[in-house]
Amino acid sequence: VIARFHDYQLTVASVPVGGTAEIPLQLDTDAPFLLHLVRSRSIGVSGWRFQTPKKLWQSSGLRTDLIVPSVAGALATPSRGAIVDPPYVYPIGSQIVAQIGNATNAPLVNAKLLFRGFKIFQDGAILAPTYPPRMSVLPFNYGVVVPAVPAVGRLVDQQLQIRADADFVFKYGVCDPYTPGVDGGPVTGIGLPSVVAVNPTFGTYQELYVVLRDESRKAYSNEPIHINDVFGQGLPTTGNDAQVSFFPGLTTPEIYIPAEHSLYFDLFRNDTALNMTPLDLNFRFGGMKVFKR
Amino acid sequence: VAANLWRYKPEWASKTPAGYRDEVFLVPFHFVIPGDGRPVVSLPWQLDDDVPFIIRGIVFPMIGLNAIDHGLAPGGRPGLVRIRDTQGNSLSDNAFPSSLVSLFGGRVLSLGAWGQSGFNGSNAFGFPIDPEIECAPGGAVLFDFELMTNAAIAKFTKTDGAESIEFDASIFGTAGNAFTIALVNPGAPNVALSVAVVAGAVTVTLATDGGSAITSTFRDVEQIINTTAAARAVMTAQLIGALPLQVITALGVTHLAGGAASSPVTLDGSLIGVKRFKEC
């Protein structure tokens, strides 16, 4: 069979005080889905739970993937997510039914539950290049710079094009805002003026999302995923559950890209709240080169 | 099948070949390079010439730390890095067709690639290099760097009571010391807020009411500088304090100060791996 990395995400625009009932997340009709990680965003310690493929709740009550503080009075901190092991396999076209709590006295806005895993295809069902029988491998990083990502807007079809010398296996990704500067040159740091003054190399972002796509533009997620969940930051920004060492963003299973072929990604940003300005985004696609022998 | 899929993971941790013995070995390296932000390429670090060295990881906090403020932080600076093994294989590249490829020469931002910053700049565990790399005895690992400059930015802070506004030069180094800022009280009624820029001199004419009293606030001044391209090309402004709507007072022509040239940067790190001895 073929295992293809995939993220499903359930987004609830507003969770009312007291929480929500059963919210279905519709899965695609092309392949079963193996779930091995769940991560929440903008839910806090209000908690969540979901149903297994047999429509049984996976936990007896609402649970959290946040790290419970060990010091009295401290706040819970975001984690990399709750591991589901052994994993669940959801049938083609089925649903993941979730429940999200809200223990606060105000609606939770833009609450998200990320279900990470992979789709399972029969051999030959999709184009799935993979390792040659004989090979040499070399650890490798491809850097892609996407300049001037606007505070509001989207940039589609950003491209990681693999060199001709070897195939590339994408195993993890990192993304940071970064703009080099030289002595005597302009302070090119872009972002909030306060950020410019503190450290001109870095801006910041909060509402930045990404969709990975293969060369035929088939997406690796059902909707844009927060960039820190796909490309963990070397320098995590604050806010919106991003202050977490989700680092680096792991693609499990890895994505195999033949030489001279490409991986595409779309960026969606909506950072109006804090008057944020354009950013140069440095992506690092980590993995290894595969040389056929 | 699903369970097998989940358990399956490419296993690149290589075994020691038959007839050989691996011993854990660290190769500390040390470079002092200009901190001016310009590329420095092909810096060699020679390995021992006795047996092959197998690289399995790197600890490189000096290039991974989150430098807080223009050379004042105790650690190093984020930057772009390229490493080549003893066979000359580059371990990174820029994926074209990025428009910036030619500028970076195969160097990629080190954070999360070769020099892990980790959370809040910590670097407790190093960074794995997987699969491992076998380096020839006596060979040299080559490093290219392009760090952010650590030249200090000229600045001036104006304070009225509990509120302050900081003006920062938009250029690194000593050149910013020549820039000036002035906040002018027009002394006339109903004048609108405006900004004028002549070379490196930024003059903000403050707004007044019908009685010729200044009405411009700290926030007004901050915003007109940051949103006027000509002014922002000289300096940026940021507010410090909790009273941004406080009316600001005039300021005579004042030079920004404190801009300083870059200084050398020390980069320390270690390659982690094993030496591979042939059993006799």
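In what follows, every heavy atom counts, from backbone to side chain, and hydrogens, waters and symmetry copies are set aside. Throughout, protein chains are lettered first and strands after them, A, B, ... in sequence-line order, and every chain is numbered starting at 1.
- Between B/N94 and A/R163, the shortest heavy-atom contact is O-NH2, 3.2 Å.
- Taking B/I171, B/V108, B/T174 one by one and counting their heavy-atom pairs under 4.5 Å with chain A, the maximum is reached by B/I171.
- Judged purely by atom type and a 3.5 angstrom limit, A/D183 uses its side chain to pair as donor or acceptor with the backbone of B/S262.
- Ranked by non-hydrogen atom pairs under 4.5 Å with chain A, the options B/S90, B/G173, B/A175, B/A169 are led by B/S90.
- Legend: residues meeting salt bridge (charged side-chain N to carboxylate O under 4.0 Å, His left out) with A/D266, ordered by chain and number and at least two apart, are A/R213.
- At a threshold of 4.5 Å between non-hydrogen side-chain atoms, the residues B/N89 and A/K289 do not count as touching.
- When all heavy atoms of B/P131 and A/V137 are compared, the closest pair comes out as CG-CG2, 3.4 Å.
- Partners of B/D144 under the side chain to side chain contact (heavy atoms under 4.5 Å, CB included) rule, at least two apart in sequence or in another chain, are B/V41, B/S42, B/R82, B/R84, B/R107.
- Nearest approach of B/L109 to A/R284, heavy atoms of both residues: O-NE, 3.1 Å.
- Residues A/N141 and B/L91 form no side-chain contact, since every pair of their non-hydrogen atoms from C-beta on lies 4.5 Å or further apart.
- Annotation: side chain of B/D93 is in contact with side chain of A/F140 (closest heavy-atom distance under 4.5 Å).
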